[in-house]
Amino acid sequence: MTTTLFVIAGILLVAVIARQLVFIYSRTLLLRKDAAITRVRIREEKEYLFIKGLY
């Protein structure tokens, strides 16, 4: 009986750890993509301000 409980607890523990790793990985990818979008946005804003300054 106790062996079954330990096996179930171990499987649940491994599942929770795997879920957290997937969450951390997806969050890291999202933050990288967000940084790339921000860089493009800053470049576009600088170009806009430059063109606006010409007029």
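The chain is numbered in sequence order, starting from 1.
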By salt bridge (Lys or Arg N to Asp or Glu O under 4.0 Å) - contacts of Arg27 (at least two apart):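 None.
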
Glu44: partners by salt bridge (Lys or Arg N to Asp or Glu O under 4.0 Å), with sequence neighbours left out: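 Expected list: none.
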
Hydrophobic cluster partners of Leu49 (side-chain heavy atoms under 4.5 Å):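 Answer for Leu49: Tyr48.
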
ILVMFWY cluster membership beyond Val16 - transitive side-chain contacts under 4.5 angstrom: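 ILVMFWY cluster around Val16 holds nothing else.
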
Contacts of type side chain to side chain contact (heavy atoms under 4.5 Å, CB included), residue Thr28, not counting sequence neighbours: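 Side chain to side chain contact (heavy atoms under 4.5 Å, CB included) check on Thr28 returns Ile24, Arg32.
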
Which residues share a side chain to side chain contact (heavy atoms under 4.5 Å, CB included) with Leu21, sequence neighbours left out: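 So Leu21 forms a side chain to side chain contact (heavy atoms under 4.5 Å, CB included) with Ile17.
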
More than 12 heavy atoms of other groups within 6.0 Å of Glu45 CD: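 Incorrect, the count does not exceed 12.
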
Arg19 side, atom CZ; Phe23 side, atom CZ - distance, nearest 0.5 Å: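 Taking CZ in Arg19 and CZ in Phe23, the distance rounds to 8.5 Å.
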
